[in-house]
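Right, one structure below, let's go through it.
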Amino acid sequence: VIVKLISEKLKIQTEINLKKLVFTGFTKSDYEVQSQIKSGKLLSVINNDTVLLASGYVTLLPAIISTIIKLITTIIVLYLLQPIFTLIIS
């Protein structure tokens, strides 16, 4: 439950930061560029893309870190059980 709470908080913070970054970049662009883009479509794309990126960031990054930790732990345990076999495989 605590991990889920932290994950959701991180996801929301990431979404907010991405949206601020995109909106800041858009507002600093030329008026000609801004006038060519429909605001409704822009808001929809920004919202959907930031949600997708934040979701991927929050779920994929911990999964990669977890996998690396499991791999290292497995190699250590294997080394403790069969050092010669571990050195041959590694």
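Bear in mind the structure is a predicted one, so any value in this text is a computation, not a measurement. These numbers come from the heavy atoms of this one structure, side chains and all, not from hydrogens, waters or symmetry mates. Positions are given from 1 along the sequence.
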Practice task
Considering non-hydrogen atoms only, spot the tightest contact between Thr50 and Ile46 and give its length.
Solution key: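 Smallest heavy-atom distance, with atoms named: OG1-O, 2.8 Å.
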Handout entry: Of all pairs that satisfy side-chain hydrogen bond (donor to acceptor under 3.5 Å, both in side chains), the ones with a partner from residues 8-27, not counting sequence neighbours
Key =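 Listed by first then second residue: Lys19-Asn47.
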Practice task
Starting from Leu18, walk the hydrophobic network (Ile, Leu, Val, Met, Phe, Trp, Tyr; side-chain heavy atoms closer than 4.5 Å) and list everyone else you reach, by chain and number.
Solution key: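 Leu53, listed by chain and number.
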With sequence neighbours excluded, residues passing side chain to side chain contact (heavy atoms under 4.5 Å, CB included) with [X]:
| X | value |
| --- | --- |
| Leu52 | none |
| Val45 | Lys41, Asp49 |
| Ser29 | Phe26, Val33, Gln34 |

When the side chains of residues 59-73 are checked against the rest of the protein, which donor-acceptor pairs come out under 3.5 Å, sequence neighbours left out?
unit_1, atom_1, unit_2, atom_2, d
Thr59, OG1, Ser55, O, 2.8
Thr67, OG1, Ala63, O, 2.8
Thr73, OG1, Ile69, O, 2.7

